[in-house]
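Everything on this sheet refers to the single structure shown next.
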Amino acid sequence: MTKRIWPAIIQGGMGVAVSNWSLARAVSLVGQLGVVSGTSIDTVLMRRLQDGDPTGQMRRALAACPWPTLAEQVLKRFYLPHGRQPSQSYARLPLWTLDPNRWRTTLAVLGGFAEVWLAKAGHAGVVGINLLSKVALPNLAVIYGAMQAGVDVVLMGAGIPRDIPEALDRLSRHEPAMIRSEVVGMPAGEAPWIRFNPQEYDTGSTVALKRPAFFPIIAANSLATLMAKKSKGSIEGFVVEGPTAGGHNAPPRGIKQYDELGQPVYTARDMVDLDALARMGYPFWLAGGYGSASGLESAWAKGATGIQVGSLFAYCRESGLDSGLKRQVMQSLREGPVFVRTDPLASPTGFPFKVVEVEHTLSEPETYRQRQRICDLGYLREGFLDDRGRVRFRCAAEPIRDYVRKGGQLADTYGRKCLCNGLLSAAGLAQLQASGTEPAIVTSGDSLQEVRALIPADGTDYSARDVVEYLLRSAVAPQSGPVDPMPESSRRCEA
Ligand SMILES: Cc1cc2nc3c(=O)[nH]c(=O)nc-3n(C[C@H](O)[C@H](O)[C@H](O)COP(=O)(O)O)c2cc1C
């Protein structure tokens, strides 16, 4: 069997909606792997429609979807031709559960479809979708929608996505799929299954869908081994993400230590043994501080197929990061270093989370203090067993009284930030609460400072193509191996 040739650069998935379809498409058009974020994509689709879908792209994608009746119903319920009134909040739906509200599932299927369909429109390049294992409840619905749009790769981190390979096989045959949930107080093997039945989204076609490649995002050799040996379906590669990467980071192993700024300290124990990984025989990409030509060369020298890059793409023209925040961070970068804190408390998941210290955002103590706690999105809630043995959900960033009433520990609420609302605000989709507009939270990798190399002298912006050219400019590809820095086939553009 011939080995598949993969691009050298993966544009990292960046939720919520930072790696949107237009960024992934731009990266895919220049021959690399563009990745859309599937995290909260149901809410993203709904809010874009409520904002009047000014470019018409959401409606274009929905018109192409294989479920015209559902698309019509969604448009009827959520599309506002003139956008929201200044005082109008976005619609709120019942939160995800093991038995979710039908609108939620439909929006997740259609959201996954629309984002991938737009990213793939009019060219033959490869497109992936990134999801977080921790946000488990919507994942199967989003993946099925993405598969209907022909997604090439599914990438998943922040947890152990052990059931996903088999689920991809089953979804490609339109068979019911399931993944195990995590419930505090229940042994791993006993927690209930999260189920998705594609037959409820029957398109009338019995033709099998393309089974996308699966790249788990790992931070330890043990996870790579577990995924390769214990998963029932196939894995096609790994992304190895280090603790300098943007977004969530894997917690350090062993006894927790903190530096003078309260950031977790990582040691040699947290580094992946790349020789051992290479011996497993899968292609792999290195992520976290590899966003430079020398980073790419050093990854190749370590046996990697290439690199996954986030921060450089987050600030480019095509990304979904709010343009005001982009300008603010780029202006600060021109003036000097911008601090990126590895916050051990911010994320309700308990995983360290990188926050950029930007004025008027949740990373600023005063803005954080003034925000009234509310949990109206709930993607990061954890399952727990209540007194009557029922599975319910709670979030350490929700109102403290509610969390404690649900059996959560008061100490666990300290410093927790509502990433759901904060990240949607950072993507320009801020909810209007009774207490005011939800403040944003901005995440980036420690390599944020590298963005300076791409900011043009006249202070304007740069494109995704500029990032790819910057990364490939002086990197010398190895003579052999599964690397094609710029595959000809994926550069062809038909539109
Ligand atoms: C704004 C932003 C959001 C991110 N969100 C996610 C995410 O939702 N899922 C994920 O697996 N990784 C996420 N990441 C990590 C990137 O996919 C990528 O692995 C990482 O940024 C690489 O490190 P670099 O920023 O030094 O290039 C995010 C990174 C950034 C900068």
Side-chain angles (χ1 to χ4, degrees), residues 9-20 23-24 27 32-41 44 115 128-135 138-139 142 153-159 161 215-219 238-250 284-292 295-296 298-299 304 306-316 319-322 325-326 329 338 340 342 346-347 349 351-356 358 361 363 379-380 419-420 422-428 440-451 453-454 467-468 470-471:
I9 299 169
I10 300 178
Q11 161 258 305
M14 295 179 280
V16 174
V18 172
S19 62
N20 56 9
L23 172 58
V27 173
Q32 308 303 322
L33 177 56
V35 177
V36 299
S37 168
T39 304
S40 318
I41 202 69
V44 169
E115 208 65 6
I129 190 163
N130 174 283
L131 292 151
L132 299 178
S133 304
K134 285 272 178 203
V135 184
N139 280 348
V142 177
V153 186
V154 172
L155 304 97
M156 204 180 278
F215 297 172
I217 301 172
I218 58 147
F238 291 104
V239 173
V240 182
E241 203 176 61
T244 62
H248 283 97
N249 301 139
F284 62 93
W285 288 258
L286 302 184
Y290 282 89
S292 62
L296 180 53
S298 87
I307 53 179
Q308 172 167 288
V309 176
S311 302
L312 295 187
F313 285 111
Y315 294 86
C316 78
S319 93
L321 187 61
D322 175 72
L325 286 169
K326 255 187 229 176
V329 174
V338 174
V340 179
T342 307
S347 173
T349 62
F351 280 28
F353 186 77
K354 290 266 191 304
V355 293
V356 184
V358 190
T361 61
S363 56
Y379 291 100
L380 292 173
L419 297 191
C420 296
L423 292 173
L424 275 155
S425 297
I441 191 158
V442 184
T443 179
S444 290
D446 292 342
S447 63
L448 173 62
Q449 323 307 326
E450 296 296 323
V451 168
L454 281 150
V467 178
V468 171
Y470 170 74
L471 295 172

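These values consider heavy atoms only, across backbone and side chains, with no hydrogens, waters or symmetry-generated copies. Just follow the structure's listing: the first ligand is 1, and inside any ligand the first atom is 1. For this chain, numbers begin at 1 and follow the sequence in order.
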So how far is it from Ser19 OG to Leu321 CG, rounded to the nearest 0.5 Å?
11.0 Å
Identify which of Ser19, Gly246, Ala427, Ala17 has a heavy atom lying nearest to atom 15 (C) of ligand 1.
Gly246
If I compare all heavy atoms of Val338 with all of Val356, which pair ends up nearest, and what's the gap?
CG1-CG1, 3.6 Å
N/O donor-acceptor pair under 3.5 Å between Ser311 side chain and Ser444 backbone:
no
Grab the two heavy atoms, one from Ser133 and one from Pro161, that are nearest each other, plus how far apart they are.
OG-CB, 3.6 Å
Counting only heavy atoms, which portion of Ile217 has something under 4.0 Å from ligand 1: side chain, backbone, both, or neither?
side chain
So which protein heavy atom does atom 1 (C) of ligand 1 come closest to, and at what separation?
Thr443 O, 3.2 Å
Non-hydrogen side-chain atoms of Glu450 and Leu312 separated by less than 4.5 Å:
yes
Could you go through the side-chain contact (heavy atoms from CB on, under 4.5 Å) check for Leu23 and Cys316 one step at a time?
CA-CA 8 Å; Leu23 172 58; Cys316 78; 3.6 Å; yes
Compare Ala314, Ala245, Ser447 and give the one whose heavy atom is closest to atom 20 (C) of ligand 1.
Ala245
Provide the number and element of each atom of ligand 1 under 4.0 Å from a heavy atom of Ser444.
31 (C)
At a non-hydrogen distance cut-off of under 4.0 Å, which region of Asn130 contacts ligand 1 (side chain, backbone, both, or neither)?
side chain
Within the 4.0 Å heavy-atom cut-off, what His248 brings close to ligand 1 is neither
Taking 4.0 Å as the limit for heavy-atom contacts, which would you say applies to Leu132 with ligand 1: side chain only, backbone only, both, or neither?
side chain
Option whose closest heavy atom lies nearest to atom 7 (C) of ligand 1, chosen from Gly291, Gly13, Gly247, Ser133:
Gly13
